[in-house]
Amino acid sequence: MVSQTQSGLPSEPVSITGLRARAQCLKTPLDPARPESGHMVWHVWGERREGELPLVLLHGGSGSWTHWLRCIEGLSRKRQLWLPDLPGFGDSDGVPGSGDVDGMLAPLHHGLQRLLGQAGGTAGAPLCELVGFSFGGMAAGLLAAAYPGLARSLTVVGAPGMGLGQRVRLKGWRHLPDWTDQARVHSHNLAALMLHDAARIDAETLALHALNVQRDRLPRRRLSETPVLAQALSSMACPVAAIYGEHDALYAGRMQELAQAFARQAAHFRRFATVADAGHWVMHEQPQAFMQVLDEMLLAPSAAS
């Protein structure tokens, strides 16, 4: 059962509250030349380790850092984690005049330069290992292409923008005044797009999702329906890998074709992997299996080349 606040929204799950309390929270301006433009919020877990670059994790559309909820504890044991709320989502302000992924690249780059560029690394050396989920995978790919040398490696997770995905029809919920009716629609949408097994839509998942979509201020983004990521891969300077749930609804019946597209488009393609018994939100549905695959990819020799 999902508890509710007085406003009718679900209460924040204790798992999120606990992780938030242990995070370092930082802000960077969306536009350094215009402080009034707003800020992007970053959450940091773990300590910087000698010889290890920080792991930057970008969340999906209509999400926040909590898309990575079930992986933060495990991944932060080995690497320092930096998780922003992308502009227009979560606690971050939206980029004035922009409603899609292309408007986020400069704020992301500025934020990473300001936060990680001060860590005392070698000038001109990569600042991070970059991982992005869904919309965030598309953002990560465009960011790595626009700013060569920023990331040592790129791993996209369930990313659209490859020119092969199919549209999944979701139901509207904002017009529904009652949480019970909203929850029914959220459950439908989670089953249709995000998870392979609807039985895994527990109270934590439902509340997490509902709280995230309430704060989505970019309803008209459209670039994910174009081959924008596929086109960016051809100019990528760093090694590229991809992880998808084997039952990702965006690519039903087209996984082999998708793997071939990555190998064809990315100049430095490393590996394409699927995680069994998982849908689009692979790291939430099968976190242990996902983290094992991600660790293998980050430790691959070519990742450090």
Side-chain angles (χ1 to χ4, degrees), residues 15 18-28 32 40-59 65-86 105 107-133 136-137 139-141 143-157 236-243 266-271 273 275 282-283 287-305:
S15 54
L19 273 176
R20 190 195 304 277
R22 298 199 297 276
Q24 181 183 9
C25 185
L26 303 168
K27 292 183 179 182
T28 55
M40 183 159 48
V41 177
W42 301 75
H43 303 83
V44 188
W45 287 270
E47 300 297 326
R48 183 78 178 263
R49 293 167 173 79
E50 186 71 27
E52 290 280 359
L53 287 180
L55 189 59
V56 175
L57 304 176
L58 305 185
H59 63 78
W65 67 267
T66 61
H67 269 171
W68 298 96
L69 178 70
R70 295 181 178 177
C71 294
I72 291 172
E73 290 274 14
L75 292 176
S76 65
R77 294 191 190 107
K78 297 181 179 180
R79 298 174 178 85
Q80 187 179 55
L81 305 183
W82 290 76
L83 281 69
D85 282 351
L86 293 172
L105 305 185
L108 275 167
H109 180 250
H110 166 73
L112 289 169
Q113 288 286 351
R114 172 173 287 199
L115 298 172
L116 298 183
Q118 298 173 349
T122 304
L127 296 181
C128 65
E129 310 276 11
L130 187 57
V131 182
F133 165 60
L143 182 67
Y147 300 97
L150 175 71
R152 184 165 64 182
S153 69
L154 168 71
T155 305
V156 298
V157 182
M236 208 78 67
C238 65
V240 177
I243 307 174
H268 305 284
F269 188 63
R270 188 163 72 239
R271 182 184 170 194
V275 175
V282 53
M283 72 281 195
Q288 297 304 319
F290 169 81
M291 286 189 287
Q292 180 177 342
V293 173
L294 180 60
D295 274 341
E296 292 169 359
M297 289 182 167
L298 294 174
L299 292 172
S302 58
S305 62

(message) Can you give me the closest heavy-atom contact between Gly136 and Leu86, atom names plus distance?
(response) CA-CD1, 4.3 Å
(request) Specify the closest pair of heavy atoms between Met297 and Ala241, including all atoms of both residues, with the distance to one decimal. (result) SD-CB, 3.6 Å
(request) State the CG-CZ distance between Leu69 and Arg20, to the nearest 0.5 angstrom. (result) 10.5 Å
(request) Starting at CG of Leu150, measure out to CD of Gln113 and round the result to the nearest 0.5 Å. (result) 6.5 Å
(request) Could you tell me which non-hydrogen atom of Pro54 sits nearest to which non-hydrogen atom of Trp82, and how far apart they are? (result) CB-CD1, 3.5 Å
(request) Mind checking the CZ-CG spacing from Arg152 to Leu127? Nearest 0.5 Å is all I need. (result) 11.5 Å
(message) What's the separation between atom CG in Leu19 and atom OG in Ser76, rounded to the nearest 0.5 Å?
(response) 8.0 Å
(message) Using the rule given for side chain to side chain contact (heavy atoms under 4.5 Å, CB included), can you reason through Val44 versus Leu115, listing the C-alpha separation, both sets of side-chain angles and the distance that settles it, and then say yes or no?
(response) CA-CA 11 Å; Val44 188; Leu115 298 172; over 6 Å; no
(request) Could you check whether the rings of Trp45 and Trp65 sit parallel, tilted or perpendicular, using 30° and 60° as the cut-offs? (result) tilted
(message) Could you tell me if the side chain of Leu294 sits less than 4.5 Å from the side chain of Leu75, heavy atoms only?
(response) yes
(message) With heavy-atom distances below 4.5 Å as the criterion, would you say the side chains of Glu73 and Arg22 are in contact?
(response) yes
(message) Is any side-chain heavy atom of Leu53 closer than 4.5 Å to one of Arg48?
(response) yes
(message) Distance check, rounded to the nearest 0.5 Å: Gln80 atom CD versus Leu116 atom CG?
(response) 7.5 Å
(request) Taking all heavy atoms of His43 and all of Ala23, pick out the closest pair and write down the distance. (result) CB-CB, 4.3 Å
(message) Please identify which of these residues, Thr28, Leu130, Leu143, meets the side chain to side chain contact (heavy atoms under 4.5 Å, CB included) condition with Leu108.
(response) Leu143
(request) Determine the interplanar angle of the Trp68 and Phe290 rings, folded into 0 to 90°, and report it as parallel if under 30°, tilted if 30 to 60°, perpendicular if over 60°. (result) tilted
(message) Contact between Arg270 and Thr155 at the side-chain level, heavy atoms closer than 4.5 Å - yes or no?
(response) yes
(request) Starting at CE of Met40, measure out to CG of Leu112 and round the result to the nearest 0.5 Å. (result) 7.0 Å
(request) Give the C-alpha distance, both sets of side-chain angles, the deciding distance and a yes or no for salt bridge (Lys or Arg N to Asp or Glu O under 4.0 Å) between Arg79 and Glu129. (result) CA-CA 10 Å; Arg79 298 174 178 85; Glu129 310 276 11; over 6 Å; no
(message) Restricting to non-hydrogen atoms, name the atom on Gly137 and the atom on Val156 that form the minimum distance, rounded to 0.1 Å.
(response) O-CG1, 3.6 Å
(request) Kindly give the heavy-atom pair with the smallest separation between Leu58 and Pro84, and that separation in Å. (result) CD2-CG, 3.5 Å
